[in-house]
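Remarks on the structure that follows.
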Amino acid sequence: MKHIVAQLVTDALAELPELADAAADLSIESTVERTRDASHGDFATNIAMRLAKPARKNPRELAASIVAALADDADVDSVDIAGPGFINFHLNLSAFHAELETILLQGENYGRQASRDRPKILLEFVSANPTGPLHVGHGRGASFGATVGNLLEAVGYPVHREYYVNDAGRQMDILGVSVWLRMLEKDGIAVGFPQGGYRGGYIRDIAETINTDGVTSVSAESVLSGLPADAPEGDKEAYLEALIGKARTLLGEAGFDHVRQQSLELIRDDIEDDLAEFGVTFDTWYSEQSLTKTNRIDDALEVLRKRGMLYEKDGASWFPATDFGDEKDRVVIRANGIKTYFASDIAYHFDKRERGFDHLIDILGADHHGYLARVRAGLEAMGYKGDDLEVELVQFVTLYRGGKKMQMSTRSGEFDTLRQLRAEVGNDAARFYYVSRSNDQHLDFDLDVAKSQSSDNPVYYIQYAHARIASVFRQLAEKSLKWNDTEGRNHLALLVEPQEKALMTSLSRYPELIELSANNRAPQHLVHYLRDLANDFHTYYNAHAFIVDDTMLRDARLYLISATRVVIANGLGILGVSAPEKM
RNA sequence: GCGCCCGUAGCUCAACUGGAUAGAGCAUCAGCCUUCUAAGCUGAAUGUUGCAGGUUCGAGUCCUGCCGGGCGCGCCA
């Protein structure tokens with residue numbers, strides 16, 4: 001709907017060649033906005049004030065000349081100039097009626113834009129280490145990423161969702177040894193469980209279910225002999241390293257690998273199931289191991305080397321990240337010959353671009369913010385633009401129950417997994433609350449509110465509006481009445497109540513909200529919009545009956561609430577929240 | 001110490017990339033069900049936007065410096 005006004009202003013400006021220079025680098029669409037106050041009309045543009053300086057003219061005079069150049073339009077009732085130079089547009093109700101018709105014609109596609117070819121977006125999110133179940137912090141990344149993906153698709157971008165599985169490196173050895181020790185424990189061989197191992201109960205579960213074919217049985221003596229002390233008496237890392245060495249020698253590389261890979265697969269499958277139940281799915285699960293297997297890391301390092309972007313120092317290979325604005329140079333191959341995590345990270349992002357994705361979005365936990373500069377440096381060093389990589393940081397989540405902050409460490413608190421959270425508050429509430437705040441703000445997640453089935457709870461408030469509309473149509477059927485949508489469309493002019501105008505206005509904003517939310521990667525705008533829309537509906541519901549004797553009025557009102565149902569369902573769909581017919 | 005994120009009503013949060021009188025919900029108080037779901041609605045009250053400067057027609061929003069909180073600064077992943 002906004003484009004009606006933007007087009008008028010654009011055409012008017014074309015009539016004023018003397019302003020062409022001043023308006024050259026101004027997006028007219030961006031100057032048009034909804035008014036905050038109904039007395040200012042429906043839309044306003046601040047273009048006269050924006051052009052005042054470059055055109056060296058008084059904003060009100062400029063506004064007057066723009067208004068004079070505006071063509072007459074059936075959708076516009078009146079235009080006036082207000083304040084320092086705002087141009088206010090009062091639209092004809094017919095424009096809103098046409099929008100309602102569009103909503104019902106387009107249905108679930110309302111608010112979606114035609115698909116475009118580019119940029120092709122690779123959206124990487126969650127990417128939690130496959131060393132244990134997802135915790136509540138990952139849930140936020142999952143909800144945010146999934147919703148941003150939906151938003152970007154809604155505005156037409158091709159989006160590829162990817163989960164990067166960190167299934168290589170030392171953490172896999174630690175996982176394998178943790179499981180092995182629990183297996184030994186089950187067989188009555190007690191080895192001091194390492195401080196640095198994974199201690200969660202799920203490790204025991206894996207030890208129970210793992211396929212032991214090909215895993216050598218060992219004696220207690222062979223494991224315990226020659227082990228150094230664990231912390232606090234000894235060194236935690238040395239103890240862990242010694243145990244990993246034991247696993248390697250006693251089980252053999254193949255045997256240890258068997259335990260490691262099975263553990264990995266069980267955890268990865270569990271994560272995938274968890275996310276699928278949460279409505280979060282991926283197009284690819286990209287394995288870090290595969291980077292090594294396909295030599296992608298060596299390929300990337302070779303590209304750097306050819307470009308003179310590697311140097312040797314202290315026996316290690318370094319990448320001169322400072323040349324690209326990072327704080328310090330980074331090691332890619334350690335003196336012991338092992339490649340660093342940064343090497344695989346750089347190769348991974350290189351690979352993303354090589355696979356043909358134009359724009360890379362990484363959704364990361366806030367504790368990863370240090371990586372942006374170096375990975376971006378890596379891309380630039382390999383000849384890509386640093387801007388190709390966009391990082392959205394998701395801040396931490398704090399759970400509250402009974403007004404108190406909950407401890408969420410694996411050891412002290414029992415409550416820390418995403419699965420537990422979903423079981424307690426439900427998927428809808430979880431998906432909703434996770435995106436209700438800007439991603440760069442800390443999130444206080446109040447379990448009591450999320451669970452409450454009352455007006456305190458915005459999820460239910462919005463869903464209830466949807467269910468109420470469905471209920472109205474059930475009532476209609478019970479009274480053996482039928483809604484004639486054509487008649488409804490023809491008599492929309494009968495909708496003259498203030499609540500009806502307010503609802504129509506809110507509905508017409510939906511496409512703008514989707515675009516805003518997508519462009520800013522800001523689902524919380526959509527959340528707040530839906531809350532306001534539901535409020536407009538509930539207010540209307542309480543003020544006026546829809547199923548009235550006057551057939552024409554009834555059909556028109558049902559037309560309006562049908563459109564409301566469509567918009568609420570579409571908005572909730574983007575958030576990954578269900579739109580129930582009945583509550 | 002350096003870097004990133006943040007600071008708005010008693011609480012939880014908005015404010016459409018610089019616009020008009022900074023808005024919602026919760027909590028508090030007063031009302032509304034013989035009528036489509038009261039999981040709802042109506043009304044009342046709440047501010048030195050952390051502090052101090054600066055930029056301009058105009059600043060919660062941009063810049064600088066403080067104060068306060070969170071996170072990060074490995075040849076770990």
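Just so it is clear: chains get the letters A, B, ... in the order the sequence lines come, proteins before strands, and each one is counted from 1.
An OP1 or OP2 oxygen of B:C76 is reached within less than 4.0 angstrom by no side-chain nitrogen or oxygen of A:Arg170. For the OP1/OP2 pair of B:C13 and a distance below 4.0 Å, the side-chain nitrogens and oxygens of A:Arg531 include no atom meeting the criterion. Contact check, A:Thr340 against B:G74: no side-chain N or O comes under 4.0 Å of OP1 or OP2. The shortest distance between the side-chain N/O atoms of A:Gln475 and the OP1/OP2 oxygens of B:U35 is not below 4.0 Å. OP1 or OP2 of B:C76 sits under 4.0 Å from a side-chain N or O of A:Arg334. The phosphate of B:C41 has OP1 or OP2 within less than 4.0 Å of a side-chain N or O from A:Tyr461. Between A:Lys328 and B:G3 there is no side-chain N or O to OP1 or OP2 distance below 4.0 Å.
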Requested in this report: Give RNA chain B the dot-bracket treatment, 5' to 3': Watson-Crick (N1-N3 with N6-O4 or O6-N4) or G-U (N1-O2, O6-N3) under 3.5 Å, [ ] crossing, | other strand.
Outcome: (((((((..((((.....[...)))).(((((.......))))).....(((((..]....))))))))))))....
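Stacking annotation: A:His368 is not stacked on the base of B:G72 (requires ring centroids less than 5.5 angstrom apart and an interplanar angle below 30 degrees). Both thresholds, 5.5 Å between centres and 30° between ring planes, are met by A:Phe86 relative to the base of B:A20, so the two rings are stacked.
With A:Ser65 contributing its side chain and A:Leu62 its backbone, the two residues share a donor-acceptor pair below 3.5 Å.
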Requested in this report: Show your working on side chain to side chain donor-acceptor pair (under 3.5 Å) between A:Asn535 and A:Tyr461 and close with a plain yes or no.
Outcome: CA-CA 8 Å; A:Asn535 181 40; A:Tyr461 184 85; 3.1 Å; yes
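Using cut-offs of 30° and 60° for the angle between ring planes, the A:Tyr510 and A:Tyr529 rings count as tilted. Using a 30° and 60° split on the angle between ring planes, A:Tyr540 and A:Phe546 fall in the tilted class, from 30° to 60°. Note on ring orientation: taking the six-membered ring where Trp is involved, the planes of A:Tyr348 and A:Tyr164 are parallel (angle under 30°, cut-offs 30° and 60°).
Nearest to the side chain of A:Met49, among B:G19, B:A20, B:A14, sits B:G19. For A:His525, counting side-chain heavy atoms from C-beta on, the closest listed nucleotide (B:C16, B:A15, B:G70) is B:A15. Looking at the side chain of A:Glu327, the nearest of the listed nucleotides B:C41, B:C36, B:C73 is B:C73. In the set B:A39, B:C41, B:G72, B:G72 carries the atom at the smallest distance from any side-chain atom of A:Asp367. Closest approach to the A:Asp440 side chain among B:C6, B:U12, B:U42 is made by B:C6 (side chain taken as heavy atoms from C-beta onward). Proximity note for A:Arg468 (side chain, C-beta onward) versus B:A38, B:A15, B:C41: the nearest is B:A38. With distances taken from any side-chain atom of A:Asn88 to the nucleotides B:A20, B:C13, B:C73, the minimum falls on B:A20. Proximity note for A:His538 (side chain, C-beta onward) versus B:C36, B:C16, B:G40: the nearest is B:G40. In the set B:G19, B:C36, B:C75, B:C36 carries the atom at the smallest distance from any side-chain atom of A:Ser471. In this structure, of B:U21, B:A39, B:G72, it is B:A39 that holds the atom nearest to the side chain of A:Tyr460.
Atom CG of A:Asp37 has more than 12 heavy atoms from other residues, nucleotides or ligands within 6.0 Å.
Look at A:Lys2 and A:Glu515 and you find no salt bridge, because none of the NZ, NE, NH1 or NH2 atoms lies under 4.0 Å from a carboxylate O.
Looking at which nucleotide of RNA chain B each of A:Lys2 and A:Ala534 is closest to, the 5′-most match is held by A:Lys2.
Between the side chain of A:His369 and the base of B:G3, at least one donor-acceptor pair of N or O atoms lies under 3.5 Å. With hydrogens and angles left out, the side chain of A:Asn46 and the base of B:G19 share a donor-acceptor pair within 3.5 Å.
What separates CG of A:Asn542 from C1' of B:G40 is a distance of 5 Å, to the nearest Å. Between the CG atom of A:Asp444 and the C1' atom of B:G7 there is a distance of 13 Å, given to the nearest Å. Here the C1' atom of nucleotide B:A15 and the CD atom of A:Gln441 are 13 Å apart, to the nearest Å. Atom CZ of A:Arg50 and atom P of B:U56 are 17 Å apart (whole Å). Across the protein-nucleic acid pair, A:Glu512 atom CD and B:U17 atom P stand 11 Å apart, rounded to whole Å. The distance between atom CZ of A:Phe342 and atom C1' of B:C76, rounded to the nearest whole Å, is 15 Å. A:Leu364 has its CG atom 14 Å from the P atom of B:G72, to the nearest Å. Atom C1' of nucleotide B:C5 and atom CD of A:Glu392 are separated by 12 Å, given to the nearest angstrom.
Shown here, B:C33 is classed syn by the O4'-C1'-N9-C4 or O4'-C1'-N1-C2 angle, which is within 90° of 0.
Here A:Arg509 lies out of heavy-atom contact (under 4.0 Å) with every strand. Using a 4.0 Å heavy-atom criterion, one finds that A:Asn520 contacts the bases of the nucleic acid, with or without backbone contacts as well. Among the heavy atoms of the strands, none lies under 4.0 Å from A:Ala543. Counting non-hydrogen atoms under 4.0 angstrom, A:Ala52 reaches nothing in the nucleic acid.
Side-chain contact, A:Ser508 with A:Arg34: a donor N or O sits under 3.5 Å from an acceptor N or O.
The same atom, C1', is picked in B:G25 and in B:C66; the two are 34 Å apart, to the nearest Å.
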